[in-house]
Peer 1: 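Before anything else, here's the structure in question.
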Amino acid sequence: MSQVVNAGFPILTATAAVPAVGAILTAAVPAARRTAAKWLALLVSLVTLVLAAVVMVRFEPGGDRYQLVESHSWIKDFGVRYELGVDGIGVALIALTALLIPFIIMAGWHDADPLETKSSRWRPTQGFFALILMVEAMVILSFEATDVFLFYILFEAMLIPMYFLIGGFGDRAHAGTDENAAAQRSYAAVKFLLYNLVGGLIMLAAVIGLYVVAGNFSLTEIAAARADGSLEMATNTERLLFLGFFFAFAVKAPLWPLHTWLPNAMGEATAPVAVLITAVVDKVGTFAMLRFCLQLFPEASKWATPAIIVLALISIVYGALVAVGQRDIKRLVAYASISHFGFIIMGIFAMTTQGQSGATLYMVNHGISTAALMLVAGFLISRRGSRLIADYGGVQKVAPVLAGTFLVGGLATLSLPGLAPFVSEFLVLVGTFARYPVAGIIATTGIVLAALYTLVLYQRTMTGPVKTEEIRTMPDLRVRELVVVAPLIALLILLGVFPKPLTDIVNPAVTHTMSDVQQSDPQPTVPLQTVEAK
């Protein structure tokens, strides 16, 4: 597997180091200077975005599989290396992460301001923004890591700041009104941590097993040895190792039936932290399925594909059905995300070029569309002080811009043609149908249900008469909120009508992944008829 170690400026390390150092500096800002901490965090996130843009510019889609490679000895006795490299899929997700963090910071500008209520006494502003930057650093580095042990450390370490973001900075819709708010946040945070720790511990056993078999942790070396036949695994060994990795990634993704932590975590977290969970952190799980499961265990991946396709279909239909019946806005978005992750995982394991390209695009487009919808929902909830759908009605009469952006975010969620998620969902369905036509047909029910829960949500919250005095006096989006939402809406439209820049980066990496599992796209069962010229 070709890769050339980068002897120049370590751009990949810098892209992760800037938010990590920024997190330390933000946490060190004096307590009385909360506003300075916010601006520092925003500045750091913008610098990280610039570095991510440099990575995209320097990446050559037609070049080596892993580029901008950095490799240094770390724990020599165990063959652990600080080894980084990016392919097209990693570049796309690094860009997504760096893009969303500034909007998350701006959207949560006042979410960690001190409150007078006893239940929310501990809200250090500096800590809130420092934790967001630390999560960004770990997620970016996980997309870059090509050493399995290094990836595992990052995979587990990112749980710590996420635990404190969920448990320590809850949704203010309950603040001061619900005596159980702190207990609910604590429950959601502990559930998130326990589910992911169990997955991580099982993965740790698989990582150790991989080392015993391969003798090192280098993804590129192990994959190359698997490809040329110099490293062979017994069938049962490969399947057990695959299951250990896949289980951890399925928890993170989340895939049914390992999904139950997500609605609690998103429901109790602030809207920006909810976006951080589902649009950023959860993508590590689906990314790792492509990078590690398929590349390290190709035969086991094909062996497990039928079962994984079934689980993905259950996620699609179950998530959408439960979303239809939700009374809580944020939990509705959470269950919708479970359905969308089902599409992503189905596309990955359809083992077709269209399916995996669509799955990668879906990771990016889902991140943007969910961010747009959830952040606008957060602005709405902060005005009314309630997450319940029944407490709204007639919002479009008093806040038309808020209602309009909410509608666009919702239409993107249901994959309306012309918006970015449509392209990715269409590719996933085409790629799945080519190899598993029955699964492709069943998965289309998720599209119908998505239209139902999205349009019903909009109808009940935005249309009709103004229900309460709180809504009648509700302000429209402010300048800061428009700065958050407008670029996301613009990106949804741009990538919906012109996805080529993203597909050009992603497709070569997908071709390599298809080669790893020794799969080619199925040929049409009905040959094209040629018409002879008269």
Side-chain angles (χ1 to χ4, degrees), residues 107-108 111 119-120 165-167 169-192 195 254 256 259-279 282 315 318-341 366 369-395 402-403 405-407 409-410 413-414 449-464 467-468 470-471 474:
D111 284 358
S119 62
S120 300
L165 283 170
I166 296 168
F169 302 91
D171 187 352
R172 287 191 171 185
H174 290 316
T177 61
D178 189 345
E179 295 180 356
N180 296 322
Q184 291 172 3
R185 289 197 303 272
S186 178
Y187 172 78
V190 170
K191 189 173 184 179
F192 161 82
Y195 267 66
W256 184 94
H259 67 284
T260 58
W261 63 267
L262 183 65
N264 296 101
M266 289 184 65
E268 297 305 323
T270 65
V273 172
V275 171
L276 188 65
I277 295 169
T278 189
D282 287 354
S315 288
Y318 167 83
L321 279 172
V322 177
V324 171
Q326 286 302 303
R327 298 182 296 172
D328 183 309
I329 297 174
K330 292 170 69 178
R331 289 178 70 89
L332 185 151
V333 178
Y335 279 106
S337 291
I338 292 169
S339 181
H340 295 150
F341 274 104
H366 170 264
S369 62
T370 299
L373 181 61
M374 179 59 85
L375 292 179
V376 176
F379 298 149
L380 178 69
I381 292 168
S382 66
R383 285 159 164 74
R384 177 66 176 83
S386 173
R387 300 182 341 217
L388 297 179
I389 297 173
D391 289 339
Y392 294 87
V395 173
L402 188 155
T405 53
F406 190 82
L407 177 61
T413 298
L414 63 83
L449 293 171
L452 179 60
Y453 63 67
T454 300
L455 296 178
V456 168
L457 171 64
Y458 182 83
Q459 179 189 36
R460 292 178 177 175
T461 55
M462 301 295 165
T463 64
K467 294 186 66 172
T468 64
E470 291 90 345
I471 295 176
M474 181 179 293

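Quick note: numbers below take in every heavy atom, side chains included, and nothing from hydrogens, waters or symmetry partners. Numbers here are sequence positions counted from 1.
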Peer 1: Please check if the distance between the ring centroids of H259 and F341 is under 6.0 Å.
Peer 2: no
Peer 1: Please report the interatomic distance CH2(W261) to CD1(I277), rounded to the nearest 0.5 Å.
Peer 2: 6.5 Å
Peer 1: Any chance you could measure M374, atom CE, to L332, atom CG, to the nearest 0.5 Å?
Peer 2: 9.0 Å
Peer 1: Considering only heavy atoms from C-beta outward, does the side chain of V395 approach that of F406 to under 4.5 Å?
Peer 2: no
Peer 1: Tell me, do V456 and V324 make a side-chain contact under 4.5 Å, heavy atoms counted?
Peer 2: no
Peer 1: Distance-only, no hydrogens or angles: does the S315 side chain make a donor-acceptor pair with backbone N or O of I338 under 3.5 Å?
Peer 2: no
Peer 1: So how far is it from I471 CD1 to R383 CZ, rounded to the nearest 0.5 Å?
Peer 2: 12.5 Å
Peer 1: Are the side chains of Y392 and L457 in touch, meaning some heavy atoms are under 4.5 Å apart?
Peer 2: no
Peer 1: Could you check V333 against Q326 for side chain to side chain contact (heavy atoms under 4.5 Å, CB included), going step by step and ending with a plain yes or no?
Peer 2: CA-CA 9 Å; V333 178; Q326 286 302 303; over 6 Å; no
Peer 1: I want to check something: taking the side chain as every heavy atom from C-beta on, are I166 and K191 in contact at a cut-off of under 4.5 Å?
Peer 2: no
Peer 1: What heavy-atom pair brings A271 and G378 nearest, and what distance separates the two atoms?
Peer 2: CB-CA, 3.6 Å
Peer 1: Give a yes or no on whether R384 atom CZ has more than 12 heavy-atom contacts from other residues, nucleotides or ligands under 6.0 Å away.
Peer 2: yes
Peer 1: For P263 and A334, which heavy atoms make the closest approach, and how far apart are they?
Peer 2: CA-CB, 3.8 Å
Peer 1: Looking at M462 and A403, what are the two nearest heavy atoms and their distance?
Peer 2: SD-CB, 3.7 Å
Peer 1: In the structure I gave you, are the side-chain heavy atoms of F192 and L165 within less than 4.5 Å of one another anywhere?
Peer 2: no
Peer 1: Is any side-chain heavy atom of T413 closer than 4.5 Å to one of T370?
Peer 2: no
Peer 1: Between L380 and M474, is any pair of side-chain heavy atoms under 4.5 Å apart?
Peer 2: yes
Peer 1: Hey, could you give me the CE/CG distance between M266 and L276, rounded to the nearest 0.5 Å?
Peer 2: 11.0 Å
Peer 1: Within a reach of under 6.0 Å around OH of Y458, are more than 12 heavy atoms found that belong to other residues, nucleotides or ligands?
Peer 2: yes
Peer 1: Testing the basics here: between V275 and A371, what is the closest heavy-atom pair and its distance to 0.1 Å?
Peer 2: CG1-CB, 3.7 Å
Peer 1: Do D111 and V273 touch side chain to side chain, with heavy atoms closer than 4.5 Å?
Peer 2: no
Peer 1: Specify the closest pair of heavy atoms between A450 and T454, including all atoms of both residues, with the distance to one decimal.
Peer 2: O-OG1, 2.8 Å
Peer 1: What is the minimum heavy-atom distance between R185 and G167, and which atoms define it?
Peer 2: NE-O, 3.7 Å
Peer 1: Say you draw a straight line from CG of D391 to OG1 of T461; how long is it, rounded to the nearest 0.5 Å?
Peer 2: 11.5 Å
Peer 1: OH of Y453 to CG of L414: how many Å apart, nearest 0.5 Å?
Peer 2: 7.5 Å
